[in-house]
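Following: one structure in structure tokens, then a few remarks.
Below, read A as the first sequence line, B as the second, and so on, with proteins coming before strands; counting in each chain starts at 1.
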Amino acid sequence: MKEILTKNLNANQQEAVLCTEGPLIIFAGAGTGKTRVITHRIAYLLSIGVAPWSILAVTFTNKAATEMKQRVIELSHEMGEKVWISTFHAFCAYFLRVEAVKIGLNPNFLIYDFGEQKNVIKDCLKDLNLDEKKFKISSIADKISRAKDDLKTPSDMAAQAEEDGDFMGTTIAKIYQLYQKKLENSGSLDFGDLIMRTVVSLEQYPALLEHYQEKYKYIMIDEYQDTNHAQYMFAKLLAAKNKNICVVGDDDQSVYSWRGADINNILDFENDYPNAKSVKLEQNYRSTPKILETAHKVVRHNGARVKKQLWTQNPDDGTVSVLNAATENDEAAKVADLISLKSMNSGYNLSDFAVFYRTNAQSRTFEDAFRREGLPYVIVGTLKFYDRAEIKDIMAYLKLIHNPNDNISFKRIINIPKRGIGKTSVETLEKFSITKNISIWQAIDSVQEANLTKGAVAALKSFSLLIKGFIDLKNNTSIKDMAEKVILHSGYLKDLEVENSPESRTKIENIQELVSAIDDFEKRSPDKSLAGYLTQITLISDIDSLDESKGKVTLMTLHLAKGLEFKNVFLCGLEKGLFPIGESAFNPQELEEERRLMYVGMTRAIKNLYLCWATERTVYGKTKWNMPSRFITEAGFREEAIERQQNIKNFNQGFNRIKWNKPSNRQHYNNFSRAKISYRNEDSYNYNDELTKDEPLYTPTSDSSPYKIGTIVSHPIFGKGKIIEKNGIGNDLKLVVLFETGQWKKLLARVANLSVIS
DNA sequence: TAGCCCGGCGTTTTT
DNA sequence: CGCCGGGCTA
């Protein structure tokens, strides 16, 4: 068995797999077979007689957890099924549900997502008479979340603020306190509570802690570099008895400090567990040596890191190159061109391409360019399916049916669809409920006392009847039927049907999708309760369903790219001020995190890596001239010369001529390549010839040459390329060809020796 | 109560 | 530039 489980592993991987007892830290660099090691280690534990229910493996994403679980099952079959593999949050939610009574928690608690958290905070500000302009909701939400990450209670926060003489902090502590009270009143927990309540309960109830310590004799924590203090304590408490804790991570890929992750957890592991064994996985199975070298050149600029360097036996093919564009539209157009070129002529599928950017706002130009080019793409975003308004509305109904005291859900749907219960009515009712110390729902029953208009009272009564009707059905109706009844009887669907706009039709489709997702859940999940469903929903995200994007280019932020790999990667917007973003260049710690993000992005690439930047970029309606990102120079691309051509005016005339005379799909090549900038490293040249200033960019329509814009050609030295500009005719015909390496050349057709491919 | 207009604001976001 | 939310008006 041991042989079977280790024969496909390298020496270091084997060492990690076979080390089962005592604390172990595995530094697993990008693409070094981390999941392989974790899953084999679990399988090995099972093979030597460890009971499956005594192994606990936690990660951060559902995607990682699902994948891990699947691979463990492949290796260990039924035994693998019984191993607990999940996210921190899912485990804690389960723990709190099971132990709720013991630890004084409402066992029917639901989980508030970020949007609901913000609504609660908004209510708190109103109650405390605080100005939303002074106390920004999202920043308060952030502070409260960070406090929970650090296991700080409202009074901890208040004490700290007083010690520091921090008036703002004192107020935030008050908000935090009220916020907790409101969560408790509505029987809800937020994400941070899941972890914090678990840790606090384990600390508070020694018998409980001992039980779980006994149960989980082997603990594995994935992505350890991203753990926050609460998660760190969680692992530490559970492992304290048996000390069989195995953490896996890569300090070079820690990019979530702004969410409370503490990179010191991984850096200090060997101090926490003095007899810990440490294994470094440095052989990379993903990328070319060139990509790894370039990525290392960047990340080695960081001070706070464990020294290590990835190496590989992979062949040294593929390219790393810098792609400069004139504007953000030009950047997107060039990327789109390269992708269509390579996918049509070099045997790549569209799903082999990914475009990464630092901010979500950058996705727009790519969407435009891809649509123009007819390239299918998928944006993996933060807007989850379950974040869509119509989905949240239906979910709010379900939540309210589950727990009518949920004020946030109540307020969300009280007037959706419109029932004539406006802001003022709700406000009056809520104030009334606060004075009576009951939920808004409960207040409806004594609504006569609340000084409301007759119409509002009647509307509230009928709303109350509607919800009560649903509640009566709750125990003998499936969730799917319940959802369908809600959609129908609330009038929600009817409103959308009457509207009959493209948007409303999309909403109806989404709602239908929700119903089938619910159906699916009820068929597959062992826990078919409404509470089970609502919990599961809150804990999933967009990226979990990424696999479906076959045949499409993937667009996403760098943060979402972690853990993925693509044959061709475009890192875009590599400009000063954009990446590293904002002021972070001035703060060493933030700069190092940005650099790790760059490293994460680079190490996603299997074959070809493009570092893209635009000389000019319009952000928030303002056009700015940019310098290339320091990460480009750190990657070893020497800045040979930067000389900007300012002749934009002349150029725009050319643009206009193209636009009016030939409204083709090429118009996004306006102000093409005005920057004369060249970069080189050892074996990757990227020299942009300067275009002659006065040439007309107008392309004659009567032209018999085989070279058209969009034609794919092959050059004896530069390889395959696509014609993206042409000027002149006959012997003077000049072409601008964008080659697969990302470099582009201006060529005189007469002498260039091009052959037409398609 | 509901719809419109204006002003402020705009990193990243595993759960 | 474009979105969202608050405040004002019909």
On DNA chain B, does the nearest nucleotide to Ala456(A) precede the nearest nucleotide to Leu597(A) from the 5' side, or the other way round? Give the residue.
Ala456(A)
Map Thr227(A) and Lys133(A) onto DNA chain B by nearest heavy atom, then report which one ends up closer to the 5' terminus.
Lys133(A)
Looking at the base of dT15(B), is there any donor atom on it, or on the side chain of Arg259(A), that sits under 3.5 Å from an acceptor on the other one?
yes
Contact class for [X] (heavy atom, under 4.0 Å): base, sugar-phosphate, or nothing?
X	value
Lys148(A)	nothing
Glu223(A)	nothing
Ile421(A)	sugar-phosphate
Asp226(A)	base

Taking the minimum atom-to-atom distance to the side chain of [X], which one of [options] wins?
X	options	answer
Thr557(A)	dT13(B), dG6(C), dG10(B)	dT13(B)
Arg364(A)	dG7(C), dG2(C), dT13(B)	dG2(C)
Ser425(A)	dT1(B), dT13(B), dG10(B)	dT1(B)
Thr87(A)	dA2(B), dT11(B), dT15(B)	dT15(B)
Lys122(A)	dT1(B), dG6(C), dT12(B)	dG6(C)
Lys418(A)	dT12(B), dT15(B), dA2(B)	dA2(B)
Ile581(A)	dT11(B), dG6(C), dT15(B)	dT11(B)
Asn360(A)	dT12(B), dT15(B), dG2(C)	dT12(B)
Thr61(A)	dT14(B), dT13(B), dT11(B)	dT14(B)
Tyr256(A)	dA2(B), dT13(B), dG10(B)	dT13(B)

With a 6.0 Å cut-off on the ring centroids, do Phe356(A) and Phe570(A) count as close?
no
Within the 6.0 Å centroid threshold, strictly below: Phe91(A) and Phe234(A)
yes
Among Asp190(A), Thr538(A), Asp406(A), find the residue that satisfies the side-chain hydrogen bond (donor to acceptor under 3.5 Å, both in side chains) test when tested with Tyr112(A).
Asp406(A)
How many Å lie between CG on Leu130(A) and P on dG6(C), as a whole number?
15 Å
Regarding Ser86(A) and Tyr94(A), is there a side-chain donor-to-acceptor distance under 3.5 Å anywhere?
no
Determine whether the aromatic ring of Trp258(A) stacks with the base of dT13(B), defined as ring centroids separated by less than 5.5 Å and ring planes inclined by less than 30°.
no
Minimum side-chain heavy-atom gap Ile195(A)-Met233(A) below 4.5 Å
no
